[in-house]
Every structure is written in C-alpha cells, then in structure tokens.
Amino acid sequence: MHRQLIIIGASCALLAVVLGAFAAHGLKATLGDYEKGIWQTAVDYQFYHALGLILLGLVGQVFRMPVTGPGLLMFTGILLFSGSLYVLSLSGIRSLGMITPIGGSCFIIAWLWLIIRFARHPSPVTE
C-alpha cells in the first residue's frame, strides 16, 4: 500500500498544480477575488496533503509501519475539503461549506494518527 499512497499523492499534487494554473489563467475573468481566495485555499490544502500522502508512503516503507488508515483519511480530506471548496467557488452554493470542516477533521485525525503510530512503533533506525 505504500507505493499506492505515493502514486495517489503524486497524482493529487499533479492535479493541484493543474487546478492552480487553471484558476490563474482560465478562471481569472470568471471568479471574483473572494472565489479566487477559496479556490487558492483548496489548491494549497490539496498540495500540502498530496505531499503528506507521499510522505506517508515513504515513512511506511522506511519504518515498515502500516499507514493505510492515515493515508485514506488524508485522501478523503482532500476530496471533502478541497473538493467542496472548488465546487463552492464555482457554484456559489454556500451550503457546501458544511462539508469542508469534515474534510479538515480528516486531515487533523490523519496527522494525529501518524503521530500516535510513529510514537508507538519501534524504529528500525538507530537514533
């Protein structure tokens, strides 16, 4: 699963770059400043957590530790948090803002899970 997390993370990073460029060039006349800010927040968090997925895959490989749970939560967070913000900025449907905190909670829980998993896992690397 470590390899899949790296592939999913790299795919999400690629998509974040594409969506950032799309907004900067293709949507600059369509979106207002407020919507551009929402879109940029979605791109930023998608990119941070795409790198997080790559990190999880590498950490899981190096330390031989299961990281599938945090990885799935991080990916779910990208879908819910960033996805809801992308749709919100394009559609103006404010009720989508209720989904965004669920995605943010997924991010928080994923990072917390990684901290706990790493703290409890004996390290094969000498410190």
Side-chain angles (χ1 to χ4, degrees):
M1 187 64 184
H2 301 133
R3 179 182 164 112
Q4 289 88 346
L5 287 175
I6 294 168
I7 292 168
I8 292 167
S11 298
C12 287
L14 169 71
L15 186 58
V17 172
V18 168
L19 290 170
F22 176 63
H25 302 287
L27 295 176
K28 69 180 174 182
T30 306
L31 298 179
D33 289 340
Y34 178 73
E35 291 80 12
K36 285 179 191 172
I38 292 171
W39 188 280
Q40 187 60 50
T41 299
V43 169
D44 290 346
Y45 275 78
Q46 179 174 337
F47 198 76
Y48 302 148
H49 290 88
L51 293 175
L53 285 167
I54 295 168
L55 174 70
L56 279 172
L58 294 173
V59 164
Q61 273 184 328
V62 170
F63 292 99
R64 295 181 180 91
M65 105 174 40
V67 291
T68 304
L72 290 174
L73 268 177
M74 225 175 255
F75 182 61
T76 301
I78 290 171
L79 293 176
L80 295 177
F81 185 90
S82 295
S84 66
L85 290 180
Y86 291 132
V87 175
L88 170 64
S89 65
L90 291 174
S91 70
I93 302 171
R94 301 249 183 233
S95 60
L96 288 169
M98 294 186 298
I99 296 170
T100 309
I102 298 169
S105 296
C106 289
F107 291 149
I108 292 166
I109 295 167
W111 287 111
L112 180 60
W113 193 344
L114 179 62
I115 291 166
I116 292 168
R117 171 77 31 93
F118 204 82
R120 291 184 178 173
H121 189 77
S123 174
V125 178
T126 57
E127 297 178 22

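Basis for what follows: all heavy atoms, side chains included, without hydrogens, waters or symmetry-related copies. Computed from a predicted model, the values in this text were never measured in an experiment.
The cluster map of Ile, Leu, Val, Met, Phe, Trp and Tyr, joined by side-chain heavy atoms under 4.5 Å apart, puts Met65 and Met1 in the same cluster. Tracing side-chain contacts under 4.5 Å through hydrophobic residues (I, L, V, M, F, W, Y), one never reaches Val43 starting from Tyr34; they form parts of separate clusters. Note on Tyr45 and Ile109: separate hydrophobic clusters, where clusters join Ile, Leu, Val, Met, Phe, Trp and Tyr whose side-chain heavy atoms are under 4.5 Å apart, directly or indirectly. Both Leu79 and Ile8 belong to a single network of hydrophobic side chains, linked directly or stepwise wherever heavy atoms of I, L, V, M, F, W or Y lie under 4.5 Å apart.
Within 6.0 Å of atom CZ in Phe107, more than 12 heavy atoms from other residues, nucleotides or ligands are found, so the atom counts as buried in its surroundings. Atom OH of Tyr86 has more than 12 neighbouring heavy atoms from other residues, nucleotides or ligands inside a 6.0 Å radius.
A donor-acceptor pair is defined here as one N or O able to donate and one able to accept, closer than 3.5 Å; such a pair exists between the side chain of Glu35 and the backbone of Gly32. Side-chain atoms of Lys36 do not come within 3.5 Å of backbone N or O of Ala23 as any donor-acceptor pair. Judged by distance alone, the side chain of Gln46 and the main-chain N or O of Cys12 form a donor-acceptor pair under 3.5 Å.
Of all heavy-atom pairs spanning Gly52 and Trp111, the tightest one is CA-CH2, 4.0 Å. Scanning both residues, Arg117 and Val67, for their nearest heavy atoms gives NH1-N, 4.2 Å. Closest heavy-atom contact between Leu96 and Ser91: CD1-OG, 4.0 Å. Summarising the geometry of Ala13 relative to Phe47, their closest heavy-atom pair is CB-CE1, 3.7 Å, with the distance given to 0.1 Å. Of all heavy-atom pairs spanning Ala110 and Pro70, the tightest one is CB-O, 3.5 Å. Nearest heavy-atom pair, Leu85 versus Ile38, reported as atom, atom and distance to 0.1 Å: O-CG2, 3.4 Å.
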Residues Leu90, Leu27; criterion side-chain contact (heavy atoms from CB on, under 4.5 Å); working and verdict: CA-CA 9 Å; Leu90 291 174; Leu27 295 176; 3.9 Å; yes

Derivation of the side-chain contact (heavy atoms from CB on, under 4.5 Å) call for Leu53 and Ile78: CA-CA 10 Å; Leu53 285 167; Ile78 290 171; 3.9 Å; yes

side-chain contact (heavy atoms from CB on, under 4.5 Å) evaluation trace for Leu114 with Met74: CA-CA 11 Å; Leu114 179 62; Met74 225 175 255; 5.8 Å; no

Candidate pair Trp39 and Leu19, rule side-chain contact (heavy atoms from CB on, under 4.5 Å), full reasoning: CA-CA 9 Å; Trp39 188 280; Leu19 290 170; 3.9 Å; yes

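In this structure, CG in Leu5 is found 10.5 Å from CZ in Phe75, a value given to the nearest 0.5 Å. Taken from CG in Leu51 to CG in Leu56, the straight-line distance is 11.0 Å, to the nearest 0.5 Å.
The side chain to side chain donor-acceptor pair (under 3.5 Å) check on Ser89 picks up nothing, with sequence neighbours excluded.
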